[in-house]
Amino acid sequence: MTTSLTAVDVIVTKRDGNALSDEAITWVLRAYGRGEVADEQMAALAMAIVWRGLDDRELRTWTDAMIESGERLDLSGLSRPTVDKHSTGGVGDKISLILAPLVASCGAAVPQLSGRGLGHTGGTLDKLESIPGWRAALTPDEIHHQLEEVGAVVCAAGERLAPVDRALYALRDVTGTVESIPLIASSIMSKKIAEGTSALVLDVKVGRGAFMGDRQRARELARTMVELGESHGVRTLAQLTAMDAPLGRCVGNALEVRESLDVLEGGGPDDVREVTLSLARDMLALVGLDVDPAAHLDDGRALATFRRMIAAQGGDPDAPLASASHRDHVLAARDGYVRSLDARSIGVAAWRLGAGRARKEDPVSAGAGVICLVREGQPVTAGEPLFELRADDDDHLARGRAALAGAAELADEPGGPHPLLLERVAHESGSTS
Ligand code: URA
């Protein structure tokens, strides 16, 4: 394509608050993909978008250009309906590990193409890699085959899925330009649309431990993603769920796999079960499957699918999970009630204990993490253990311990209940419930 456009023209247009033409958006993203627009120019454009935004047309074109930068999976030949879930990320968020096999056991195909964790929220692939032998990298043919045979795949999103997003996200991460609703929405949705799912439920986390602390902005992000999905033919629904305290008791890779197995065995923490079932019901409804997912958790059908999913990717579902060698406890300084548990501090502690990474090439510890021994509202006495810390050496243990100072707020009264499921954002009316 010959063009008179230049990167500077595109940056200046957006900097001055004007809309970009479809031609300009397509050109700039293609040229960036070819290395003809420099990182510093793309960073300047991203910053202009942080301030000026993108309107609906610009956002659709931007998302299309990111999808077209790579391959699209074609899952239309599967005998099962496809439906996926995406979470914006939270502390102790192990829902994908349970949800994918659960929904598959109910008759759908769940193609969960995931990324790795960065910062204080853990990545689903890191968690599953704590199962001996399990591998994250699958070819498109392997994904297709596993979806047909087992119904659930959790694997790495290949390099060829929306590659311009991959480059742009890495650039945004180091230029203070992640926090833009159109940039986040197009980044997430380009990958989900390219993955080929026909339906999608978004779990948009709100609160101290989430990417979006503010409910109003979380709702706007949810709406933007729902509309983008629908405009690309993907039936899309979002739930806003609370992320002030960690989900469940365990934060850390193997610890979260163990807790997920508890839920798949019909037990586990109530909050993990509640969010999982709520998302599962919406996923099944979107693809017209009238099945009760709770029965599949209680009678072992979801667990059986989990075991097949792990084995299909080389994992040994019976192998013992890694356990860290060094342990310590944080004790209550006074009598009282647990008023709140701070998800962010607990996520940072797990990260410093070795469960997370600061750079994408860093290794993670399978066994490290935090176990919350108390829940919100519970009475405690001075000296009672609040948290168990696990790490592979004393140095990590000390760093994790420092991050937990003040992570549990103790008060004279237990405080009110904290609802988990805040609202649902659907396409039809664009309204919330
Ligand atoms: N996750 C993504 O994939 N992209 C973003 O921009 C933010 C979170």
Side-chain angles (χ1 to χ4, degrees), residues 25 29 32-33 39 42-43 45-51 53-54 58-60 62-67 69-70 84-91 93 95-96 111-126 136 154-195 197 200-207 209-214 217-229 232 234 236 238 240-241 243 344 347 351 356-360:
I25 292 171
L29 287 173
Y32 181 57
D39 272 347
M42 207 57 201
L45 179 58
M47 187 58 87
I49 293 171
V50 168
W51 284 101
L54 294 175
E58 290 175 290
L59 181 59
R60 266 199 315 278
W62 185 278
T63 309
D64 286 338
M66 297 224 283
I67 297 167
S69 70
D84 194 8
K85 163 263 188 182
H86 177 84
S87 160
T88 56
V91 176
D93 186 357
I95 303 288
S96 289
Q112 272 261 314
L113 273 51
S114 303
R116 290 181 191 282
L118 257 192
H120 76 283
T121 62
T124 300
L125 302 182
D126 299 319
V154 182
C155 68
E159 306 260 313
R160 291 192 294 264
L161 204 81
V164 163
D165 172 66
R166 186 179 292 266
L168 182 56
Y169 190 28
L171 184 68
R172 289 166 53 216
D173 201 30
V174 294
T175 55
T177 52
V178 169
E179 285 81 3
S180 148
I181 286 178
L183 290 178
I184 297 170
S186 57
S187 168
I188 292 173
M189 294 305 291
S190 62
K191 287 173 283 201
K192 288 291 155 188
I193 295 163
E195 155 197 294
T197 189
L200 177 66
V201 174
L202 298 158
D203 181 6
V204 179
K205 301 279 183 205
V206 192
F211 203 41
M212 293 273 159
D214 170 70
R217 272 182 65 77
R219 184 182 298 131
E220 197 186 328
L221 175 64
R223 264 201 196 125
T224 307
M225 292 196 289
V226 166
E227 295 310 320
L228 259 184
H232 285 83
V234 179
T236 310
L240 264 53
T241 66
M243 181 36 68
R344 182 166 292 266
W351 174 25
R357 57 170 69 77
R359 292 170 309 151
K360 62 181 188 312

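Please read all numbers here as calculations on a predicted model, not as lab measurements. First listed ligand is number 1; within each ligand, the first listed atom is number 1.
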With heavy-atom distances below 4.5 Å as the criterion, would you say the side chains of D39 and Y32 are in contact?
yes
For A157, which residues count as a side-chain contact (heavy atoms from CB on, under 4.5 Å) partner, sequence neighbours excluded?
L113, L161
R172 side chain to T177 backbone, donor-acceptor under 3.5 Å:
yes
N-O pairing of E220 and R217 below 4.0 Å
no
Atom NE2 in H86, atom CG in D203: separation rounded to 0.5 Å?
9.0 Å
In chain-and-number order, ligand 1 lies under 4.0 Å from a heavy atom of each of Y169, R172, I184, S187, I188, K191, F211
Pair S190-D165, side-chain donor/acceptor within less than 3.5 Å
no
